[in-house]
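A short worksheet on the structure shown next.
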Amino acid sequence: MSGARRTALWKQLLPWAISLACFAYLYGRIARAAGERGVLPYLAEVFASVNWTAWLALMVPYSLLYLAVDTLVLWRAVNWFNARISYGSLLPLRASSYIISILNEQVGKGAIALYLNRREAVPGLQLASSLLFIMFCEFYYLLCWALLGWNLSGDSLPAALGAIPWIALIAGLFFALFVWFFRGARFNRFASRGRQLFHAFRHAPAWRYGVIMLLRSPALLAAVWVYARAAELFGVEVPLLDMLGALPIIFFGTLIPGPFRAAAISLWTVLMPEQDAGRVAAFGFVQHNFFLLFNAAIGLLFLRRANRALFGTQG
C-alpha cells in the first residue's frame, strides 16, 4: 500500500518538476535578454507592444477550427471501432471535456467514455482503445509533418533536428511491424492481441491510420499560418517554411506532462536561438495557455448540453 502511495506521489510531482526545470531555463534566457532593464519591465515592454485585437482575430477562429477537427477525428474513430453516433452528439462532449483537460487530459476523456458507456453500453476499455489509437496516429502525423518541414527548411533549424529522418525511419519500421502484429493471422496465438485495450488496433487496417492523420492535418496547416502571423505581432519573424519545420516538434512538447505547457514553451527558445528570447518565450506562453483557456471557455458554452447527455440534467 505504501509503495502504491509513493508511486502516485512520484507521478504527481514529476509534471511539476518538469515545469520548474523548464521555467528555470526560460528565466535564465529571458534574464540574459533583458540585461539591465530587469525581467519584469522587459516582459511588460514585450506585452505592451502586441496588437491584441489582431492577435485575437487570429486565435479565436483557429481555436474553433481545432475543436471542429478534434471532434471529427474522435467521431471517425468512435464510429469505426465503438458505436454509431452523430458528430453533433460528440461535439458538446468534446468541447466540455476541454474544461477538465486544463488540469487532467485523461479525466476529460473519461467524460466521453461515461457518455458512450451509458448511451451505447460501450465497454470503457474499448473506448480507451479508440483514444489510444488516436494518440498513436497523432504521434505519426506530427512526425510526418516534422519530416516534411525538416526536408523543406532543415538548413535553418538547429543541427540536433537532423535526427528527425532517422527517428522517422525507425518509427516507420515500428509502424509496419505494429500493424502486422495486430492484423497478421500468424500472431493470433498471442493472448495480448485479444485484450479490450487493443480492440481498435485489431480492427484497423493501415489505411485507417492514414485517414486519421489526414483528418488531423488541416488543424496543423492552419496552425502554421496562424502561429507565423501571431509571432509577428510579438516581434518574432518566422518564415512559413521554418514554422512548418518547428511547429510539429513544439507540438510534441505539449504531450510532455506539466502545467502551463512549460516544455512546449521552452522548445520555442531552443528551436529559435537567434530570436529575442523574451519575445519568443512570451509568445509561446501566451499561445499555448490561451489555447487551453479559450478551448475551456468554448466548453462552457456546451456544458449544459453535455450535462444533459451525461446525467439527464439541465445544469
Side-chain angles (χ1 to χ4, degrees), residues 50-79 85-102 105 108-109 111-112 130-131 134-135 137-146 148-149 210-234 236 238-255 261 264-265 268 283-303 305-306:
V50 178
N51 182 338
W52 292 104
T53 302
W55 181 80
L56 284 170
L58 289 169
M59 289 303 296
V60 171
Y62 169 68
S63 295
L64 294 172
L65 173 65
Y66 180 86
L67 169 62
V69 171
D70 199 27
T71 305
L72 179 63
V73 169
L74 177 66
W75 169 84
R76 182 65 280 169
V78 166
N79 277 264
I85 186 169
S86 70
Y87 179 93
S89 296
L90 281 177
L91 182 65
L93 288 162
R94 190 64 188 118
S96 59
S97 73
Y98 292 149
I99 303 170
I100 306 171
S101 296
I102 293 177
E105 175 73 17
K109 291 174 179 175
I112 300 170
S130 298
L131 298 176
I134 292 172
M135 291 171 61
C137 293
E138 186 167 358
F139 170 83
Y140 277 93
Y141 122 91
L142 288 175
L143 184 59
C144 287
W145 283 109
L148 177 62
V211 168
I212 294 297
M213 288 187 273
L214 286 174
L215 291 178
R216 272 282 188 212
S217 292
L220 178 71
L221 293 175
V224 168
W225 185 85
V226 167
Y227 276 54
R229 300 287 80 82
E232 290 177 1
L233 299 175
F234 281 79
V236 179
V238 186
L240 282 175
L241 286 181
D242 289 2
M243 186 64 79
L244 178 60
L247 200 57
I249 306 300
I250 291 166
F251 283 172
F252 273 125
T254 65
L255 305 178
R261 294 293 196 262
I265 298 166
W268 283 104
F283 165 71
F285 182 85
V286 172
Q287 288 294 112
H288 295 293
N289 288 288
F290 170 85
F291 184 68
L292 281 177
L293 293 173
F294 187 75
N295 282 349
I298 296 173
L300 289 173
L301 299 177
F302 289 94
L303 189 58
R305 287 179 59 189

Next item on the list: Kindly indicate, with the supporting measurements, whether the criterion side chain to side chain contact (heavy atoms under 4.5 Å, CB included) is fulfilled by Phe283 and Glu232.
Entry: CA-CA 10 Å; Phe283 165 71; Glu232 290 177 1; over 6 Å; no
Check: Given the rule in the side chain to side chain contact (heavy atoms under 4.5 Å, CB included) test, do Trp268 and Val236 qualify, once you have shown the distances and angles that lead to the verdict?
Finding: CA-CA 11 Å; Trp268 283 104; Val236 179; over 6 Å; no
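Side-chain N or O atoms of Trp75 include none that pairs as donor or acceptor with a backbone N or O of Ser86 at under 3.5 Å. Panel note: side chain Thr71, backbone Ala68; no donor-acceptor pair is recorded below 3.5 Å.
For the atom pair CG of Leu90 and CD1 of Ile85, the computed distance is 4.0 Å after rounding to the nearest 0.5 Å. For the atom pair CG (Leu93) and CZ (Phe302), the distance works out to 10.5 Å, reported to the nearest 0.5 Å. One distance of note links CG of Leu215 with SG of Cys137; it measures 10.0 Å at 0.5 Å rounding. The CG atom of Asn295 lies 9.0 Å from the CZ atom of Arg94; values are rounded to the nearest 0.5 Å.
Partners of Phe291 by ring pair (Phe, Tyr, Trp, His ring centres under 6.0 Å), not counting sequence neighbours, listed by chain and number: Tyr62, Tyr66. By the salt bridge (Lys or Arg N to Asp or Glu O under 4.0 Å) test, Asp242 pairs with no residue at all, sequence neighbours left out. Partners of Phe252 according to the ring pair (Phe, Tyr, Trp, His ring centres under 6.0 Å) rule, which considers only residues two or more places apart in sequence or in another chain, are Phe139. Take Tyr87 and apply the ring pair (Phe, Tyr, Trp, His ring centres under 6.0 Å) test, not counting sequence neighbours, and it matches no residue. For Trp52, the side chain to side chain contact (heavy atoms under 4.5 Å, CB included) partners are Phe47, Val50, Trp55, Phe234, Val286, not counting sequence neighbours. For Asn51, the side chain to side chain contact (heavy atoms under 4.5 Å, CB included) partners at least two apart in sequence or on another chain are Thr53, Ala54, Leu233.
In this structure the side chain of Leu65 never reaches within 4.5 angstrom of the side chain of Pro218, judged on heavy atoms. The side-chain heavy atoms of Leu91 and Arg305, taken from C-beta on, include no pair separated by under 4.5 Å. Annotation: side chain of Ile250 is not in contact with side chain of Tyr227 (no heavy-atom distance under 4.5 Å). Residues Asp70 and Arg216 meet the side-chain proximity criterion, which asks for heavy atoms closer than 4.5 Å. Residues Ile249 and Leu142 are not in side-chain contact: their nearest non-hydrogen atoms beyond the backbone lie 4.5 Å or more apart. Between Phe294 and Tyr98, every side-chain heavy-atom pair lies at or beyond the 4.5 Å cut-off. Here the side chains of Met59 and Phe290 are in contact, with some heavy-atom distance below 4.5 Å. Put simply, the side chain of Leu240 reaches to within 4.5 Å of the side chain of Arg229, judged on heavy atoms.
Just one residue in the list Leu64, Ile99, Leu293, Val60 forms a side chain to side chain contact (heavy atoms under 4.5 Å, CB included) with Ile298, and that residue is Leu64.
When all heavy atoms of Leu220 and Pro248 are compared, the pair lying nearest together is CD2-CG, 4.2 Å. Of all non-hydrogen atoms in Pro61 and Leu56, the two that sit nearest each other are CD-O, 3.9 Å. Nearest heavy-atom pair, Ala231 versus Val238, reported as atom, atom and distance to 0.1 Å: CB-CG2, 4.5 Å. Between Ala77 and Ser130, the shortest heavy-atom distance links the atoms O-OG, 4.2 Å.
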